There are 2 protein chains.
Amino acid sequence: MNELGIPTAHAAGRESGRATRAREVADSLTRAIHEHRLGPGMKLSEDEVGEIFGVSRTIVRAALQQLAHDQLVTIEPHRGAFVAQPSVREAREVFEARALLEPRTARSAAERATPEDIAILRRHITQEHAALHAGQDGAALRLSGLFHIEIARIADQATIAEFIGQLVSRSSLVIALYWRRRNALCESHAHDALLKALADRDGALAEDLMKGHLLDLLSSLDLREAPGQRRSLKEALGRA
Amino acid sequence: MNELGIPTAHAAGRESGRATRAREVADSLTRAIHEHRLGPGMKLSEDEVGEIFGVSRTIVRAALQQLAHDQLVTIEPHRGAFVAQPSVREAREVFEARALLEPRTARSAAERATPEDIAILRRHITQEHAALHAGQDGAALRLSGLFHIEIARIADQATIAEFIGQLVSRSSLVIALYWRRRNALCESHAHDALLKALADRDGALAEDLMKGHLLDLLSSLDLREAPGQRRSLKEALGRA
DNA sequence: GATGCGCAGATTGTATACGATCCTGTGTCC
DNA sequence: GGACACAGGATCGTATACAATCTGCGCATC
């Protein structure tokens, strides 16, 4: 079992006697998707997931419904849950939404960032670089997303931060499907520059950098008509 | 039974042989919240809701978890689900998020609106006025929210539209808690002006009007320290 | 040989059962 | 008379059981 490459949840389960284990399962699955261990289109059978995490289908169902709400998985009635495969259109929309939310949020963050905040961000970037050099592409991608979410948190806008979190998650799927270039280094440098602007409390610069960063990201995608490159013909037609 | 004023779901249940009835229950509850038939702080017992809709607790739980994800209800472990009571801070955040999303979306909508779209919006406004004159405050409020959501739909940005939908829902709770003036007429006039800008395809004006409309809404709230005016003393103290 | 039908296996949808936790009211002790 | 302890009831958290639905394979038919 555990062919999905998901860490058996024993360790995570110990972290707290929290009432709902559904959240734990959902978080593990979310993380697996962020790190591209679970790719778009993969089936998430309730029994299988339940066996891996040692919980009953009740819990798994709740977790999957959460992920479905975040649009990370698609639930097809009587067929099951699948890791979502954002269409080209959805991909664009995600980045358009991010372009609407994140630049202004970065400005707010720059105006409010404390030295501790900066230190946390710096640590994020360091870890991201380390993961990248270690060849752990998935981990680097997840950390890269966390950087954006952390900025939203610093801006002290929990509601917007939550939206950005959802968008970052979906971006991870978009990247899995439509990523073109293989070198993710441009990202890291963008984050370096953003960190500097935040440390300097330069809100206007941070806003501009974020806007540019998102445009870079978008332009590094291949959003032509291919709804999925390695998707099977059957699914492609069933979805077209 | 049915002391919650919720339409017994028999009719709604017939509408389609859809697989998940959880969605129906969630929609009914959402609508009840929008229309202020369910007020902030009300308890939503699983058994009670299940009995009203004629479904088991399994379904009710799924529905409540959905609403919790939309932050319309708060689930307190081992205590139950309650209609959310947004704090003053959350109230501000909701409107700040709307201020970030809706003006630009209104501009897009103005640039894309077809005559049919305009007709739909006009019908919305008409219904809103009718409900208002009939003294159906709740229905008017819900229609007012639908107006905003419809604009997002016209802008052809499903992702942003969903976010706006969530924010409008939460706004309904905010209004229930913090509304000051009794005359909601200003709203309607704002919508009239917006409709005209959209019909004229004047994107810049629509953006400005939307921004002003949201500011008006915000300023019509009483966001001082009062976490809730007509809350029962017990809950008020238990929450303070 | 290709196509349509039907049954078996597997998977999901929903309900119910049982254990755990929390609230409430009563009784006792200080 | 007031505060604490405890028991009863109610409600939630999770697992399991059963029913509905879908998928895939084999067979009959054209």
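Here is how names work: the chains are called A, B, and so on, in the same order as the sequence lines, proteins then strands, and each is numbered from 1. Just so you know, these numbers come straight off a predicted model, no measurement behind them.
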Does any part of the side chain of B:F82, heavy atoms only, come nearer than 4.5 Å to the side chain of B:R79, both counted from C-beta?
yes
Using atom CZ of A:R57 as one end and atom P of C:dA10 as the other, report the distance to the nearest whole Å.
15 Å
Between C:dG13 (P) and A:L64 (CG): distance, integer Å
10 Å
Which of these nucleotides, C:dT12, C:dT16, D:dT23, is closest to any side-chain atom of A:S45?
C:dT12
Under-4.0 Å side-chain N/O to phosphate OP1/OP2 contact, A:R61 with C:dG13:
yes
Please determine if a side-chain N or O atom of B:R21 lies less than 4.0 Å away from the OP1 or OP2 oxygen of C:dT14.
no
Could you state the CD-P distance from B:E46 to D:dT14, rounded to the nearest angstrom?
11 Å
Which whole-number value in Å describes the distance from B:E76 CD to D:dG13 P?
11 Å
Check every atom of C:dA15, C:dG13, D:dT14 against the side chain of B:I59 and return the nucleotide holding the closest atom.
C:dA15
Gap between atoms NE2 and C1', on B:H78 and D:dG9 respectively (whole Å)
17 Å
Taking A:Y178 for the side chain and A:P86 for the main chain, is one N or O donor matched with an acceptor at less than 3.5 Å?
yes
Could you check whether A:R112 pairs with A:D117 (Lys NZ or Arg NE/NH1/NH2 to Asp/Glu carboxylate O, under 4.0 Å)?
no
Would you kindly give the CZ-to-C1' distance between B:F53 and C:dA15, to the nearest whole Å?
18 Å
Shortest non-hydrogen contact from B:A26 toward B:L67:
O-CD2, 3.9 Å
Would you say the ring centers of B:H124 and B:F147 fall short of 6.0 Å from each other?
no
Of the candidates C:dA15, C:dC23, C:dT12, the side chain of A:K43 sits closest to C:dT12
Could you give the CZ-to-P distance, from A:R79 to D:dG24, as a whole number of Å?
8 Å
Rounding to a whole Å, what distance do you find between B:D47:CG and C:dC22:C1'?
15 Å
Has A:T58 got a side-chain N or O lying under 4.0 Å from the OP1 or OP2 atom of D:dT14?
no
